[in-house]
*Asks:* 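Would you mind keeping the following structure in view while I ask a few things?
Quick note: residue numbers are just sequence positions, from 1. All heavy atoms count here, side chains included; hydrogens, waters and symmetry mates do not.
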Amino acid sequence: MSLLTTTGMSVTFGGLRAVNAVDLVVEPGRLVGLIGPNGAGKTTFIDGITGFVPTTGRIHLDGREVSNLPANRRAGLGLGRTWQSLELFDDLTVGENLQVAAERQSVGSFLGDLVHPRRARDQSGVDYALDVLDLRDLAARMPNELSQGQRKLVSAARALAARPKLVCMDEPAAGLDTAESEALGARLRSIIDAGITILLVDHDMGLVLTVCDYIYVIEFGVVIAHGSPAEIRNDAKVIEAYLGQSAHHPGDR
């Protein structure tokens with residue numbers, strides 16, 4: 001069974017259809033890329049499947065239709081995401097940032113915080129995320145003490161702390177140099193090895209073509225190609241629309 005399936009999914013803003021009837025499948029245990037030019041609708045697609053903008057069409061997560069569920073319900077069912085702007089809490093340590101994401105919020109936990117604000121917390125999600133991304137040495141550091149590459153990894157770890165089935169990553173390599181991007185690629189594969197599936201949006205073609213198992217390409221909100229990295233690298237429509245010479249030199253950034 002597919003972990004994520006969208007059927008005819010569209011997102012419309014006024015008279016503009018930013019995502020146009022996209023059919024996409026993400027199989028469990030795979031790293032699937034979603035690429036396209038600026039303004040193609042990639043982030044809007046993630047916003048749609050995670051419940052942050054209204055959609056039409058159908059979205060299934062692990063066999064259950066989630067099209068009409070709010071974002072928090074989808075997250076509770078195992079759909080996580082990162083953000084381009086990172087949104088880290090700079091007044092909390094790395095470990096505390098992860099703890100915020102790992103907390104299962106409910107009326108009971110809210111009342112518990114009121115009565116026992118210093119009650120013991122379940123650290124298992126935090127420990128899991130720190131171990132998967134090898135960030136334990138940074139747990140006591142503040143975000144403003146970290147490099148941009150480290151901050152990106154903390155953002156990814158925060159998504160993992162909730163133990164999602166699928167995490168959507170929006171431009172995790174933006175602003176990274178070549179060495180940092182290569183290190184990120186290795187960490188992304190470690191997430192897959194830990195049993196979490198990834199839908200990756202990024203402009204770093206060296207990263208996408210190297211680490212992804214399967215890739216979808218969209219232009220003006222429409223899927224124009226999908227296939228293995230080798231198939232995408234050599235697809236004439238993709239080269240014309242987006243890849244250009246990088247199709248022949250995937251290590252160039």
*Asks:* Please answer: with hydrophobic residues joined when any side-chain heavy atoms are less than 4.5 Å apart, are Leu133 and Leu146 in the same cluster?
*Replies:*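 Yes, Leu133 connects to Leu146 through the hydrophobic network.
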*Asks:* Can you tell if the side chain of Arg58 reaches within under 4.5 Å of the side chain of Met9, non-hydrogen atoms only?
*Replies:*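 Sidechains of Met9 and Arg58: no contact.
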*Asks:* Can you see which heavy atom on Asp23 is nearest to which on Tyr216, and at what distance?
*Replies:*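 That would be O-CE2, 3.8 Å.
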*Asks:* Is there side-chain contact between Glu96 and Phe89, with heavy atoms separated by less than 4.5 Å?
*Replies:*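 A side-chain contact is absent here, since even the closest heavy-atom pair is not under 4.5 Å.
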*Asks:* Main chain of Ala179, side chain of Glu182: is a donor-acceptor contact present, judged purely on distance under 3.5 Å?
*Replies:*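 Not at all, since once roles are kept as given, no pair shorter than 3.5 Å links the two residues.
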*Asks:* Rounded to the nearest 0.5 Å, how far apart are CD of Gln123 and CG of Leu130?
*Replies:*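 So the CD of Gln123 and the CG of Leu130 are separated by 8.5 Å.
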*Asks:* Under a single-linkage definition using a 4.5 Å side-chain heavy-atom cutoff for Ile, Leu, Val, Met, Phe, Trp and Tyr, are Ile35 and Val222 assigned to the same hydrophobic cluster?
*Replies:*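 No, because Ile35 and Val222 fall into different hydrophobic clusters, even though each may have its own neighbours under 4.5 Å.
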*Asks:* With a 6.0 Å cut-off (strictly less than), is the heavy-atom count around CZ of Arg189, excluding the residue itself, greater than 12?
*Replies:*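 Count over threshold, so yes.
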*Asks:* Report the residue from Ile49, Leu4, Thr5 that forms a side chain to side chain contact (heavy atoms under 4.5 Å, CB included) with Leu24.
*Replies:*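 When side chain to side chain contact (heavy atoms under 4.5 Å, CB included) is applied between Leu24 and each of Ile49, Leu4, Thr5, only Leu4 qualifies.
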*Asks:* Within the side chain of Ser181, is there an N or O that forms a donor-acceptor pair under 3.5 Å with the backbone of Leu176?
*Replies:*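 No: the side chain of Ser181 does not pair with the backbone of Leu176.
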*Asks:* Is Ile224 reachable from Ile215 through a run of hydrophobic residues whose side-chain heavy atoms are each under 4.5 Å from the next?
*Replies:*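 Ile215 clusters together with Ile224.
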*Asks:* State whether the side chain of Arg151 and the backbone N or O of Pro143 hold a donor-acceptor pair below 3.5 Å, judged by distance alone.
*Replies:*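 Looks like yes, one N/O pair under 3.5 Å.
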*Asks:* Can Lys152 and Leu184 be said to form a side-chain contact (heavy atoms from CB on, under 4.5 Å), step by step?
*Replies:* CA-CA 9 Å; Lys152 293 276 187 176; Leu184 172 65; 5.5 Å; no
*Asks:* Spell out, yes or no, whether Leu200 and Ile192 are grouped together once hydrophobic residues are joined by side-chain heavy atoms under 4.5 Å, including indirect joins.
*Replies:*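 Shared cluster, yes.
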*Asks:* Could you tell me whether the side chain of Asn97 and the main chain of Leu92 form a donor-acceptor pair under 3.5 Å?
*Replies:*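 Here the side-chain-to-backbone pair exists.
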*Asks:* Step by step, work out the side-chain contact (heavy atoms from CB on, under 4.5 Å) result for Leu61 and Arg74.
*Replies:* CA-CA 8 Å; Leu61 178 67; Arg74 300 186 199 194; 5.6 Å; no
*Asks:* Closest approach of Val211 and Gly185, non-hydrogen atoms and distance?
*Replies:*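 Taking every non-hydrogen atom into account, CG1-CA, 3.7 Å.
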*Asks:* Ignoring hydrogens and angles, tell me if any N or O in the side chain of Thr197 forms a donor-acceptor pair with the backbone of Gly29 under 3.5 Å.
*Replies:*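 Here the side-chain-to-backbone pair exists.
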*Asks:* According to the ring-ring contact (aromatic ring centres under 6.0 Å, His included) rule, which pairs have a member within residues 4-59, sequence neighbours left out?
*Replies:*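 Qualifying pairs: Phe52-Trp83.
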*Asks:* Given Arg158, which partner from the list Thr82, Val94, Leu88 fulfils the side chain to side chain contact (heavy atoms under 4.5 Å, CB included) test?
*Replies:*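 Testing each of Thr82, Val94, Leu88 against Arg158, the sole residue satisfying side chain to side chain contact (heavy atoms under 4.5 Å, CB included) is Leu88.
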*Asks:* What pair of heavy atoms forms the shortest contact from Ser67 to Thr55, and how long is it?
*Replies:*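 Scanning both residues, the minimum pair turns out to be O-OG1, 4.3 Å.
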*Asks:* Indicate, with yes or no, if Val22 and Tyr214 share a hydrophobic cluster defined by side-chain heavy-atom contacts under 4.5 Å among Ile, Leu, Val, Met, Phe, Trp and Tyr.
*Replies:*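 Linked within one cluster.
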*Asks:* Evaluate whether atom CG of Asn144 has more than 12 neighbouring non-hydrogen atoms of other residues, nucleotides or ligands under 6.0 angstrom away.
*Replies:*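 Counting neighbours around CG of Asn144, more than 12 heavy atoms of other residues, nucleotides or ligands fall under 6.0 Å, so yes.
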*Asks:* Looking at side-chain heavy atoms only, is the closest gap between Pro172 and Asp202 below 4.5 Å?
*Replies:*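 SC-SC contact between Pro172 and Asp202 confirmed.
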*Asks:* Mind listing the closest non-hydrogen atom pair of Leu166 and Leu199 along with its distance?
*Replies:*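 Minimum heavy-atom contact is CD1-N, 3.8 Å.
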*Asks:* With rounding to the nearest 0.5 angstrom, report the CG to CE distance, Leu34 to Met169.
*Replies:*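 These two atoms lie 14.5 Å from each other.
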*Asks:* For residues Ala157 and Ala129, report the shortest heavy-atom separation together with the two atoms involved.
*Replies:*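 Looking at all heavy atoms of both residues, the shortest contact is O-CB, 3.3 Å.
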*Asks:* Is there side-chain contact between Pro164 and Ile196, with at least one heavy-atom pair below 4.5 Å?
*Replies:*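 SC-SC contact between Pro164 and Ile196 confirmed.
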*Asks:* One pair to check against side chain to side chain donor-acceptor pair (under 3.5 Å): Asp170 and Thr43. What are the steps and the verdict?
*Replies:* CA-CA 7 Å; Asp170 195 1; Thr43 294; 2.9 Å; yes
*Asks:* Does the Asp47 side chain pair with the main chain of Val53, one donor and one acceptor, at a distance under 3.5 Å?
*Replies:*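 Such a contact is absent between Asp47 side chain and Val53 backbone.
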*Asks:* For the residue pair Ser2 and Val26, establish whether any side-chain heavy-atom pair is separated by less than 4.5 Å.
*Replies:*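 A side-chain contact under 4.5 Å is absent here.
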*Asks:* Using a 6.0 Å cut-off, check whether atom CZ of Phe220 has over 12 heavy atoms from anything other than its own residue.
*Replies:*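 No, because the 6.0 Å sphere around CZ of Phe220 holds 12 heavy atoms or fewer from other groups.
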*Asks:* What's the separation between atom CD in Gln99 and atom CG in Asp127, rounded to the nearest 0.5 Å?
*Replies:*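 It is 9.0 Å, given to the nearest 0.5 Å.
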*Asks:* Would a distance-only check, ignoring hydrogens and angles, find a side-chain to backbone donor-acceptor pair under 3.5 Å from Ser190 to Val132?
*Replies:*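 It does hold such a pair.
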*Asks:* Apply side-chain contact (heavy atoms from CB on, under 4.5 Å) to residues Ser147 and Glu180 and explain how you reach the verdict.
*Replies:* CA-CA 10 Å; Ser147 69; Glu180 289 175 323; 4.2 Å; yes
*Asks:* With side-chain contact (heavy atoms from CB on, under 4.5 Å) as the criterion, how do Arg81 and Ile46 come out once you've worked through the C-alpha distance, each side chain's angles and the decisive distance to 0.1 Å?
*Replies:* CA-CA 8 Å; Arg81 71 170 297 175; Ile46 288 181; 3.6 Å; yes
*Asks:* Would you mind reporting whether Leu138 and Gln150 have side-chain heavy atoms less than 4.5 Å apart?
*Replies:*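 Heavy-atom side-chain distance check passes, below 4.5 Å.
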*Asks:* Are side-chain heavy atoms of Leu69 and Leu77 found at a separation under 4.5 Å?
*Replies:*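 Answer yes - side chains close enough.
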*Asks:* Over all heavy atoms of both residues, which pair between Cys168 and Thr50 is shortest? Give the atoms and the distance, please.
*Replies:*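 Nearest heavy atoms, Cys168 then Thr50: SG-CG2, 4.3 Å.
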*Asks:* Quick check against the 3.5 Å criterion: does Asn234 have a side-chain atom that pairs as donor or acceptor with the backbone of Ala230?
*Replies:*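 It does hold such a pair.
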*Asks:* Do Val223 and Val217 come within less than 4.5 Å of each other through their side chains, counting heavy atoms only?
*Replies:*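 With C-beta onward as the side chain, the pair stays apart.
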